[in-house]
Amino acid sequence: MKKYPVTKPYFSQEEKDLISNALDSGWVAQGPNVTEFEKQTAYHEGINEGVATTSCTTALHLAMVTEGLSNGMDAIAPAFTFVATTNAIVATGATPILVDIHRDTFNIDTDKLNELIEKQYVQENGKLKNKNTGNTLWGIVPVHEFGLCCDIYKVNMLAEKYNLKVVEDAACALGAKIGETHQGAFGNISCVSFHPRKSITTGEGGMVFTDDAKLAKRMRELRTHGSTVSADARDKGKGFLLPEFNEAGFNYRMTDVQGAMGLAQVKKLDYIIEEKRKGANNYNRLIASKLPEFITPIEPKGYFHTYQSYVCMLNDDVLNLPDLQVGGDYRNILLQKLEDKGIATRQGTHAVHMLGYYKNKFGYKSEDYPNAYACDHLSITLPLYVGMTEDDQEYIVDTIRNTIDEM
Ligand SMILES: *Cc1c(COP(=O)(O)O)cnc(C)c1O
């Protein structure tokens, strides 16, 4: 039986060589490889500064803290995203406020975002206060889901109108563009992930991007326990002096072994994205001709999708599914049968309002965010990675065809 993982990283001899050099140098904590990896990755995205971290979750936390998010504040995030987006908000002491998404792009619905701000908040001393809790609205954490940018220009417009901060969760979206502008260059801080499920990997890892040198400096300090090298030590070369610690920071540093791996990976980024885009187009073509039960992912005009994940929706009309409960059960049975046949698939991501912590703490109902709920139940990620052939993809689509016919 042929076996297909949902994704797999793409390595060559270069990763091994660079990692080996790092080990031979004896310097394995954050060092020259991380610095070079930051430079090259930021350069790829057309941004001045990259600050490497241990994960995208810690990158988000670092960025939010730097932008002043703390308890007594609200941060708005889409209801359909990996739980790390809202967990990072919770880690700052702030309260996540959810907004629904579009079913076709899986990204934040900016009309609903505007409606939420107008309905839920009142102006008070130049700040937006939550009518129920009195919390101050800090800002928005939009997500570029699965490698497709959200309508970030609309988000930015609203942020400007209401004087809000924006930190972009671009965990899946390294290399994604609108026009010629990459994620990270939309005027806000953005955060990416180097988990093996993403386009390129350092095992675990993340990076914050900003064009603002001051913000980058502050994030580098907070990343290293909140340390600042005193002017005295810097000017007089007194290396024996410990730095000053005027803030309680974190240790979110990437190791130089990971930095070495990242350096090899970032060179492959354009190739990986091109291969995945070819694969996505091939799936689109195969599914259009063989699988009317599937709705393929869209790439709106002017957007450049990286297909970190290739996520379809079950077509509930074609399948005659009476409701989402039945639809979700049908989807899960289908995924189990595919797993049994050696094809690994996944639900796209989850509806945050249905996850235990959030559901219990905020008393959410499934219908509060109907599109997030629908995508939670009907989405399917198909295997996509460098090295898949057109025959592999045809075999996968044919196997799904046969499996549905048997159900
Ligand atoms: C993967 C992912 C994260 C978390 O990234 P880590 O590097 O694993 O911490 C956050 N947000 C989204 C949308 C993700 O897909």
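Note that the structure is predicted; figures quoted are calculated from it, not measured. Hydrogens, waters and symmetry mates play no part in the numbers below; they use all other heavy atoms, side chains included. Whatever order the structure lists them in is the order used to number ligands and atoms, beginning at 1.
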Test item: side-chain donor near acceptor, [X] and [Y], under 3.5 Å:
X      : Y      : result
Asn402 : Thr399 : no
Tyr121 : Asn135 : no
Gln336 : Asn332 : no
Glu275 : Tyr307 : no
Lys276 : Ser199 : no

Considering both backbone and side-chain atoms of [X], is one of its nitrogen or oxygen atoms within less than 3.5 Å of a nitrogen or oxygen in ligand 1?
X      : result
Cys56  : yes
Glu204 : no
Thr57  : yes

Heavy-atom contacts with [X] under 4.0 Å: which atoms of ligand 1 show up? List them by number with element.
X      : value
Thr85  : 11 (N)
Val143 : 13 (C)
Thr81  : 13 (C)
Ala171 : 2 (C), 3 (C), 10 (C), 11 (N), 12 (C), 14 (C), 15 (O)
Cys172 : 15 (O)
Ser55  : 7 (O), 9 (O)

Are any side-chain N or O atoms of Gln258 and backbone N or O atoms of Glu204, one a donor and one an acceptor, separated by less than 3.5 Å?
yes
State which residue, out of Ile396, Leu338, Leu382, fulfils the side-chain contact (heavy atoms from CB on, under 4.5 Å) condition with Tyr4.
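In the set Ile396, Leu338, Leu382, the residue that makes a side-chain contact (heavy atoms from CB on, under 4.5 Å) with Tyr4 is Ile396.
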Counting non-hydrogen protein atoms only, what is the nearest one to atom 7 (O) of ligand 1? Give residue, atom name and distance.
Ser193 OG, 2.7 Å
Residue, atom name and distance, where the atom is the protein heavy atom closest to atom 11 (N) of ligand 1:
Asp169 OD2, 2.7 Å
Quick check, are the ring centers of Tyr153 and Phe186 under 6.0 angstrom apart?
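Here the rings of Phe186 and Tyr153 have centres that are less than 6.0 Å from each other.
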Between Phe209 and His182, ring centroids under 6.0 Å:
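Aromatic pair excluded; centres sit 6.0 Å or further apart.
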Measure the distances from the heavy atoms of [X] to every atom of ligand 1 and state whether one is below 4.0 angstrom.
X      : answer
Gly206 : no
Lys198 : yes
Gly205 : yes

